[in-house]
Novice: 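Dropping a structure here in structure tokens format, bear with me for questions.
Quantities reported herein were computed from a predicted structural model and do not represent experimental measurements.
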Amino acid sequence: MKENTSHPLREKALLATLPLIQARTTMENNRKQIEKFLEQKAGTLPVRSFVEQTRGFGFLGLAGIIGECGDLSNYSSVAKVWKRMGLAVING
């Protein structure tokens, strides 16, 4: 697709969207720092070896699960975690 640089409102559009683009960049940098921190913390948990051995599962995903479920030791089985996450098979 050929870029049209001669549009009469091009400058106005750039000026109007520049603060949004700058804010998005700042938010993305902050998000990356937070995700890195969460991955580091999740990597210190007792389930570390399970996460490392499970293809497609990482420490950021583990942090998300813990963020939703809380302390995993509060669940008597993995099936109860699945149920909490809406993944349990019921009547099936």
Novice: Determine which pairs satisfy salt bridge (charged side-chain N to carboxylate O under 4.0 Å, His left out) with at least one residue from residues 76-85, sequence neighbours left out, and list them in order.
Specialist: E68-R84
Novice: Could you state the interatomic distance from CD (E35) to CG (L38), rounded to the nearest 0.5 Å?
Specialist: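 Result: 7.5 Å between the selected atoms.
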Novice: Once you round to the nearest 0.5 Å, how far does CD1 of I34 lie from CG of N29?
Specialist: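 Result: 11.0 Å between the selected atoms.
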Novice: What's in the same ILVMFWY side-chain cluster as I21, cut-off under 4.5 Å, chained through other members?
Specialist: none
Novice: Taking ILVMFWY side chains as joined if any heavy atoms are under 4.5 angstrom apart, and letting links pass through other members, which residues group with L18?
Specialist: none
Novice: Any chance you could measure K36, atom NZ, to Q40, atom CD, to the nearest 0.5 Å?
Specialist: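 Going from the NZ atom of K36 to the CD atom of Q40 covers 6.0 Å.
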Novice: Applying salt bridge (charged side-chain N to carboxylate O under 4.0 Å, His left out), can you list everything that pairs with K12, at least two apart in sequence or on another chain?
Specialist: none
Novice: List for me each residue that meets side chain to side chain donor-acceptor pair (under 3.5 Å) alongside E52, sequence neighbours excluded, and say none if there are none.
Specialist: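 E52 satisfies side chain to side chain donor-acceptor pair (under 3.5 Å) with R48 once adjacent residues are dropped.
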Novice: Under a 4.0 Å threshold between the charged nitrogen and the carboxylate oxygen, would E28 count as salt-bridged to K32?
Specialist: yes
Novice: Through direct or indirect side-chain contacts below 4.5 angstrom among Ile, Leu, Val, Met, Phe, Trp and Tyr, which residues connect to L87?
Specialist: L45, V47, F50, V51, F57, F59, L62, I65, I66, L72, Y75, V78, V81, W82, M85
